[in-house]
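A short write-up of the structure that comes next.
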Amino acid sequence: MLRLPKFTLHRPTSAADAVRIAAGHGPEASYVAGGTDLYPNMKRRVQRPTHVVSLSRCADLRSRAGVAGAEVTLGAMTTLTAIERDPWLQEHYPAFVHAASVISTPLLRNMGTIGGNLLLDTRCNYYDQNYEWRESISFCMKCDGSTCWVAPSSPRCWAVQSSDTVPLLCAIGAHVTLLGPDGERRIPLTDLYRDDGIAYTTKRPGELLTHLHLPALNGWRASYRKLRRRGSFDFPVLGVGACLHFDGDVVTRAEVRIGGAGSHAIPAVKTAAMLVGQRLRRDDAASGELIRAAAQEAYKPTRAMDNTDLDAAWRKKMAPVFVSRAIQDCL
Amino acid sequence: MAPETGMPESGGATAGGERAEGRYLHAVDAASLSVIGKPWRKIDARSRVTGQTKYADDLALPRMLACKLLRSSVAHARIKSIDTSAAEALGGVHAVLVGSELPVAFGILPVSQDEHTLCIDKVRFIGDPVAAVAAVDEDTAWEACRLIRVEYEPLDVVTSVFDAARDPHGMDPADRIHDYGREGNLHRCEHLEFGDLDAAFAESDLVREDLCFFEGNTHLPMEEHSTVAFTDPDGKLCVMSSTQTPHYLHRALAKVLAAFVPPHKIRVIACPNGGGFGGKSDPFNHEIAVARLSMKTGRPVKITLTREEVFQTHRGRHPVLMKSRIGVSKDGRIKALEFETHLDGGAYGSYGTASTFYTGALQCVTYKVDNYHFKGARWFTNKAPCGPKRGHGTPQPRFALETQLDKVAVELGIDPATLRSRHLAEAGSLTANWMRIGSMGLGECIERVCAGSGFRERWGRLPLGRGVGLACSSYLSGAGLPIYWNAMPHSGVQLKLDRSGLVTVFCGSTDIGQGSNSILAYIVAEVFGLDPQDLRVVTSDTDLTPVDLGSYSSRVTVMTGNAALQAAERARDLLVPHVAAQLDIPKGRVTFGGGRVFDCEDPERGMTFAEAVGTAEAKIGTIGTTGSYRPPKSPARYKGGGVGPSPSYSYTAAVVEVDVDPETGIYTVPRIWVAHDIGRAINPALVVGQVEGSVYMGLGEAMMEEMSYRGNRFGVHKIPSMLEYKSPTSMEMPEVVTYLVEDPDPNGPFGAKEAGQGPLLPIMPAVANAIYDAVGVRVDEVPVTPEKVFDAMQRKAQGKEARYGPRELPRVEWPEPRRVRTPWQGGTGVEVEREDELARSSQG
Ligand SMILES: Cc1cc2nc3c(=O)[nH]c(=O)nc-3n(C[C@H](O)[C@H](O)[C@H](O)COP(=O)(O)OP(=O)(O)OC[C@H]3O[C@@H](n4cnc5c(N)ncnc54)[C@H](O)[C@@H]3O)c2cc1C
Ligand code: SF4
């Protein structure tokens, strides 16, 4: 087994304390929630905090507030299992519950939190490797090296956005609250991310993600479709979040996000544009045709690269299929 | 029973007595057995399921040090220098070992002694060990490894058989991976011909040639390899390891450490294995390294590999590129079969020579093949060494043959089940390549899976996207020859009968989870009429137990079982006269059962088993017997005929059902029916466990498992983790319906044949055949991934060949074939050139 390097563990009991402790150690500190992403990364020596600030005792990060018809707020430390098993969420936010329920395995969902999932490190199979392995490829740009082996002439890193909830939450227009040494701010979730495998978030140093806000239910329907090799364990190698807002059966707004195929949840802008203003009905040939044509536009923006499981060219070809199915689900 | 059909050896050391002729109970009526054939609990079940079994990594000894290996970070290079001074200076480091300290080479096969404990002047793949450190803990040992400076001079890197085959004569000899074998990087090259192929092809009504590729995959045991070594105060070395072959490890240690310790002062104990599947049957460099480090430091030293290192240690399934040319008559009889295989061997020999022959050995034991031709080549490449994995060398050609027969069936318009069952090899017959078949239950296996699945009614008739596929297979119940040539038994058992009534069974075999310790207990308990849970079984300790060659080639139940049966019958024969005298009854009426020994005509009259032992002990002294087993001599006497013969062959048939999404190529397997001809199930629960486990493993190979390397990054393993090396989860495991076909084989103890490997083999071709039935495309490649199904479907839609698979083979200058006449040509089992010579010498 790979061994964890040595570090100092801090266990504050409130979000404010956590932020203060982390600020005290600057770049040497990392927050840890469930640890299902951070600890494997530490074992592989790709993240090397010497101070780890555990959020497990911060009771103020575990709440759920809100009622149907209004915004719902979840504490960042809500576990994925808690989301999966929450009957109220199941009823009102089924696509979100579904996205959480297809993450890894039951054991990891018991530990993994929604906050950690939103901030999950980007993945690449040149990077998610132990020290010796990375040494044998002379390391890569994301950690300890200078070249990106996925695209050696590229100036950037193409590590992959791999959280299952992010494409869906971006599509439905969720927000997050961040608490930092300089105070609190609330931003749309889409603004939390950047299209870069290394600097993949806009989170400022020391900022703590405290809450996730789900938008009020007002006539939108959403779906999440995940492509993975097996029925458990696997990260998405394509994850489509779709959300349609309706007026009767006319689409008034559409948002489609493609995850697992680029460094952020890629907006399928053309696909969405082709749907707005259209009348879409279930089991209707014309609607089916339209959706298929719109979904075809998701092929181009999908940036599947040879750094995940399954063949990159095939994954790209699967994008229109999964986008089409996700849209169908919303009817 | 014919004398050459594999009787236990006669002449035990501790007990004489005439051999109980006709007592080898293969023909015994199941109703008269009290232990055999019943689903008894495994004797170690309680300790395994309550987590109390001590695996090698559970061992902690006082003053124990931790060992880590520094492994090569380059795939092929000359070592210019190694500087260990900084590592040695690090606090907590007790010793650093480098290759030059142990210059003696080793390897599992006598023909390929090509490994060193630590590389001396050259590294051959990423992961080849270069130095070993013993330190107070793992962290310190790891830090010390990072301080060792190795200077490499890079050499050309070979990552495929095509690379390996490039310009063998023109290449700089210095760039060869090994300086032995044939030219260039060709390790082995075999060419055998049985019968008249040209004539047979000319007479065939249909001739097909198919190319296919079986990607390599690995064993993925839950337990990572682990070894603890220590030297006791009298200078005796003890090595406790997760190994399937303590005897072969003992031999390798004795060879490499000859300068330091004689063989009789080396003790190897195989710990219970947490899965092996063939991956723990080579002697490994980490085992020898900790042995030497324990001598250097005077302390116990332990190493436990990381998962990444287990991938590098490998010895798994060879990637094999194949061509099969078949000639059949209108009714599907195989008149000619020509096979060419190319094995990508990785960086070392390992079992590779045997693997090469295995890719050609078992083609003729399932269906009658009139004329047979085999060419096999093994290539060295700069990747983790391949070796034996469950099915050793035979799943790959089985995939080629069974998918090809499916194509033949379609072309001839015969359903695949009937095509096969019409031309089964016969029980007791000899094949074209001189394998002797024992009992043969394949016909019944086919009928059972067809009846269960409705195959004949459903094949070719399901809606688009649904399909069923059938395939069959066979596997050996133990290799007919040992790994190093010798005339000694393959398996030995000693029994000690104690006046307390305890029977202790001593045997060198290793329980890797398959239940071989329990088998010994069941067999001995049956003979003595005891409860198997009451016996003591002592195994896999080279100081205490007689040699058994190891847990590989599905040999353990048949070989240790026969040896145990012989030892037990001899012991019973020792007790009987004295019990008879005591009870004053004729010997023939003495019966063992229910923990008692009694008069079968008056069961009240008798004594406890303990009293029976005491009675005999009082008369003849301490009671102990031995039993041993050596397989029958094989009629295959040509060079290369040593691989493939076995005391008996198991048979399996499987039907796989698939559901394919025609839009994506993604498919699921909802159900599998599998029938296995086991001869006789010593314990049906354990057999079903082996069958289901094989189905699981086979499905992994069929659907997703592959050892992939980054050709563009010098052959680094792409995905050495349990997360990214995809293997099925419980979510992928289908419903499995298992049928056991029991047709006792004369060479097996109570008629038993093997169970651990054969049932894996038909799964991969059955999946590919089912995909064809579902969507009409051929994926001539394992694993059958959704991308490949999708690709073939797209080709089909574009009007191209509806197939995904390889299109070429590497070029080889094959040597002249060794020609052997088939039995029906009047052959004698030796090469034509040697026949006259042998005839002369036998007359002389
Ligand atoms: C085998 C395996 C399979 C997996 N499969 C999937 C999958 O299919 N889909 C998927 O989406 N994920 C998967 N994961 C990843 C992971 O388990 C989940 O994403 C999980 O939700 C992460 O949450 P956590 O609480 O464990 O995060 P942690 O590991 O505790 O944290 C992750 C990162 O976020 C930071 N962080 C955590 N909480 C906060 C906070 N409140 N404020 C600021 N920073 C914070 C940490 O510093 C760290 O950098 C898998 C992981 C493994 C090991
Ligand atoms: S995408 Fe390139 S730079 Fe980023 S982790 Fe992968 S190899 Fe490294």
Side-chain angles (χ1 to χ4, degrees), chain A residues 1-6 36 40 43-45 102 104-106 108 123-126 128-140 147 149-150 152 225 227-235 237-238 292 295 306-322 324-325, chain B residues 57 66 68-75 125-127 137-139 142-143 145-146 224 304-309 311-312 661 663-666 668 700 703-704 708 710 712-733 785-791 794:
Chain A
M1 216 190 329
L2 298 179
R3 291 178 53 78
L4 269 177
K6 294 200 168 59
T36 62
K43 286 183 171 186
R44 299 183 197 113
R45 308 299 197 264
V102 294
S104 58
T105 67
L108 285 158
R123 296 184 62 84
C124 168
N125 56 24
Y126 285 92
D128 299 304
Q129 302 278 4
N130 70 3
Y131 182 86
E132 290 90 330
W133 192 99
R134 292 183 297 113
E135 186 183 27
S136 70
I137 62 155
S138 316
F139 305 99
C140 81
T147 308
W149 297 114
V150 176
R225 286 269 181 166
L227 172 60
R228 58 175 163 181
R229 175 97 59 169
R230 303 172 293 184
S232 191
F233 283 100
D234 293 341
F235 282 93
V237 291
L238 180 69
R292 208 161 308 128
D306 178 21
N307 59 352
T308 69
D309 184 31
L310 293 163
D311 177 65
W314 178 76
R315 282 165 54 218
K316 190 167 161 72
K317 286 182 193 155
M318 289 305 106
V321 180
F322 277 66
S324 165
R325 289 178 183 180
Chain B
D57 188 46
K68 283 274 176 200
L69 297 176
L70 173 69
R71 293 174 182 271
S72 166
S73 58
V74 297
F125 73 104
I126 293 176
D137 55 32
E138 274 190 285
D139 289 342
W142 192 81
E143 292 302 334
C145 286
R146 307 278 79 71
E224 292 110 339
T304 300
L305 302 188
T306 62
R307 181 56 62 181
E308 288 79 355
E309 289 178 291
F311 276 96
Q312 292 167 332
D661 175 355
E663 230 181 328
T664 61
I666 296 171
T668 56
M703 298 180 73
M704 57 186 87
S708 27
R710 290 265 181 212
N712 64 340
R713 297 309 311 153
F714 317 121
V716 66
H717 192 294
K718 196 169 161 184
I719 41 167
S721 74
M722 292 283 269
L723 174 61
E724 292 299 336
Y725 174 91
K726 305 297 180 184
S727 180
T729 71
S730 55
M731 307 290 281
E732 280 68 50
M733 188 63 184
T785 61
E787 299 103 300
K788 295 173 190 170
V789 176
F790 181 79
D791 189 280
Q794 281 207 318

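Chain letters run A, B, ... following the sequence lines, proteins first, then strands; residues in each count from 1. Every heavy atom of this structure was used, including side-chain atoms; hydrogens, water molecules and symmetry mates were not.
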Is the shortest side-chain N to carboxylate O distance from [X] to [Y] below 4.0 Å?
X: B:Asp137; Y: A:Arg3; answer: no
X: A:Asp309; Y: B:Lys718; answer: no
X: B:Glu663; Y: A:Arg325; answer: yes
X: B:Asp139; Y: A:Lys6; answer: yes

Q. Given B:Phe790 and A:Met318, is the side chain to side chain contact (heavy atoms under 4.5 Å, CB included) satisfied, shown in steps?
A. CA-CA 10 Å; B:Phe790 181 79; A:Met318 289 305 106; 3.5 Å; yes
(Q) So which atom in B:Met731 and which in A:Ser232 form the shortest heavy-atom distance, rounded to 0.1 Å? (A) CG-CB, 3.9 Å
Q) What's the shortest heavy-atom distance between B:Ser73 and A:Ser136, and which atoms? A) O-CB, 3.2 Å
Could you tell me the separation between the [atom1] atom of [X] and the [atom2] atom of [Y], rounded to the nearest 0.5 Å?
X: B:Asp57; Y: A:Met1; atom1: CG; atom2: CE; result: 7.5 Å
X: B:Trp142; Y: A:Glu132; atom1: CH2; atom2: CD; result: 5.5 Å
X: A:Glu135; Y: B:Arg71; atom1: CD; atom2: CZ; result: 13.5 Å
X: A:Asp311; Y: B:Lys788; atom1: CG; atom2: NZ; result: 10.0 Å
X: B:Ser721; Y: A:Gln129; atom1: OG; atom2: CD; result: 6.5 Å

Q: Taking atom types as modelled, find out whether B:Arg146 and A:Tyr131 have a side-chain donor-acceptor pair closer than 3.5 angstrom.
A: no
With a 4.5 angstrom heavy-atom cut-off, which part of [X] approaches chain A: side chain, backbone, both or neither?
X: B:Glu143; answer: neither
X: B:Leu70; answer: neither
X: B:Leu723; answer: both

Q. Tell me, do B:Glu724 and A:Arg123 make a side-chain contact under 4.5 Å, heavy atoms counted?
A. yes
Q: Please confirm whether B:Arg710 makes a cation-pi placement over A:Trp133, using NZ or CZ under 6.0 Å from the six-membered ring centre and within 45° of the ring normal.
A: no
Q | Contact class of A:Asp128 relative to chain B, heavy atoms under 4.5 angstrom | A | neither
Q. Do any N or O atoms from the side chain of B:Glu787 and from the backbone of A:Leu310 form a donor-acceptor pair under 3.5 angstrom?
A. no
Q: For A:Trp314 and B:Thr664, indicate whether the former's side chain and the latter's backbone hold a donor-acceptor pair under 3.5 Å.
A: yes
Q: Would you please test B:Met703 and A:Arg229 for side chain to side chain contact (heavy atoms under 4.5 Å, CB included) and show each step?
A: CA-CA 10 Å; B:Met703 298 180 73; A:Arg229 175 97 59 169; over 6 Å; no
